[in-house]
> 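The structure is given below, and queries will be raised subsequently.
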Amino acid sequence: MTDVLTDRGDAEQLRSRIAAELERTRARTALLTEAVDDNDLVRQHSPLMSPLVWDLAHVGNQEELWLVRDVGGREPVRCDIDDLYDAFKQPRRDRPSLPLLPPAEARAYLATVREKVHDLLDRVAFDSRRLVADGFAFGMIVQHEQQHDETMLATHQLRAGPAVLHAPPPPEPVARVAGEVLVPAGPFVMGTDTDPWALDNERPAHRVELPAYLIDAAPVTNGAYRQFIADGGYDDPRWWSGPGWRHRQKAGLSAPMHWRPDGDSWAYRRFGRWDRVRDDEPVVHVCFHEAQAYAAWAGKRLPTEAEWEKAARWDPATGRSRRYPWGDDEPTGTRANLGQRHLWPAPVGAYPAGASPLGVHQLIGDVWEWTATPFRGYPGFAAFPYREYSEVFFGDDYQVLRGGSFGTDRAACRGTFRNWDYPIRRQIFSGFRCARDAHPEQAHR
Ligand SMILES: [Fe+2]
């Protein structure tokens, strides 16, 4: 009897948590799509991006497919539009010419789907079926919408015209953070079996043995990156990989995206405003090739994905891997710059409460960090709930990014979360930190 009551209580708690996450996420989607007029919603602001109105209806369509139809077994709301909003059938460049739902119709569609989802959420039994256990499908849909919100935020950054998004600036530094941190040799557990809303590519948990290495205590800053530019880093093929140099030549790269010279310094356009580049902020809007070239110039390299995760999760006191650098508790506004609370990365030293036990700062939030590792499945990987979520992207084409950015929501960010993109992409909120092998005398200290 007690057990039944407890289970029922847990289910009710889960129901209200899911309802709150769905609402919180929808409020962000509304903010991003109501900040501009209909004309801006249907336009394509960059060939790299969808019109915002495509993202909007796509979010509703995925929610309908997975929750209304699959989990709920209910009648389709609009099966006539499935193909239009299928990301695999419609390349981004073609999306503006599709007969998309106009903004008002897209909003009405989202509202209808959401009403059905609330009705389903009231009745669903979180039984042992993998799709519903611990509310997984609902968590997947929340993360999916948050990921599109970050994509829409990147579209806003590419949009020409005056500023329409506003947020307070990130906090000022309160700790001096510089140099490197030694991560001793030894095993750690990478990935997870237990995080209920973790996606297929974060699983399974597995032991990884790493030699000792040094990792930067903070992401590479604008100030450091400016030195690379000033030292002719963009013009010296020594620092670039073969494909990196070819891309640098072809694309005419000479500074991070959205930068322009400003007297003896640089200015950086963020969401419709030009600001002077601030030296103590992590550099953002660089591609993998730029990150790799900088690291080579600095006499270092990019961390592997395993090195990044060990620095972020491994607790030397217990040997356990934690959910986040600071422990298992959820991110808060004092631990990390996440969730579009601010519109750019915080200066280094702004989040001492978010540091890892070894003293590595700002691993979560601020900027996605490029790693040296191509996107692959972990040993024992099994696609769930569909191959197109991650498996079809495995291979050498995509590099893994870790840690989330100021535009990533906490629901779509944790120590195990993996993002991936082409090595030439920089419209995303991407930066990096460097690492290097430890010398034998350091490794045994
Ligand atoms: Fe999607």
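In listed order, ligands and their atoms are each counted from 1. All values below come from the heavy atoms of this structure, side chains included, with hydrogens, waters and symmetry mates left out. Because the structure is predicted, anything quoted here is derived from the model rather than measured.
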> Give a yes or no on whether Glu75 atom CD has more than 12 heavy-atom contacts from other residues, nucleotides or ligands under 6.0 Å away.
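No, the 6.0 Å shell around CD holds no more than 12 heavy atoms from other groups.
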> Give me the number of protein N, O or S atoms whose distance to the Fe ion (ligand 1) is under 2.8 Å.
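For the Fe ion (ligand 1), the figure is 3.
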> Taking CD in Gln13 as the centre, count heavy atoms belonging to other residues, nucleotides or ligands within less than 6.0 Å. Is the count above 12?
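Open: at most 12 neighbouring heavy atoms sit under 6.0 Å from CD of Gln13.
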> Does a donor on one side chain and an acceptor on the other come within less than 3.5 Å for Asp279 and Asn222?
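There is no such pair (donor and acceptor under 3.5 Å, judged by atom type) between the side chains of Asp279 and Asn222.
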> Are a donor atom and an acceptor atom from the side chains of Thr371 and Arg402 found within less than 3.5 Å of each other?
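No.
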> Count the heavy atoms of every other residue, nucleotide or ligand shown that sit under 6.0 Å from OH of Tyr422, and state whether that count exceeds 12.
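At most 12 heavy atoms, drawn from other residues, nucleotides or ligands, come within 6.0 Å of this atom.
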> Among residues two or more places apart or on two chains, list those pairs meeting side chain to side chain donor-acceptor pair (under 3.5 Å) that have a residue in residues 98-109.
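As it turns out, the side chain to side chain donor-acceptor pair (under 3.5 Å) pairs with a partner in residues 98-109, which skip direct neighbours, are Asn61-Tyr109, Glu64-Tyr109, Arg78-Glu105.
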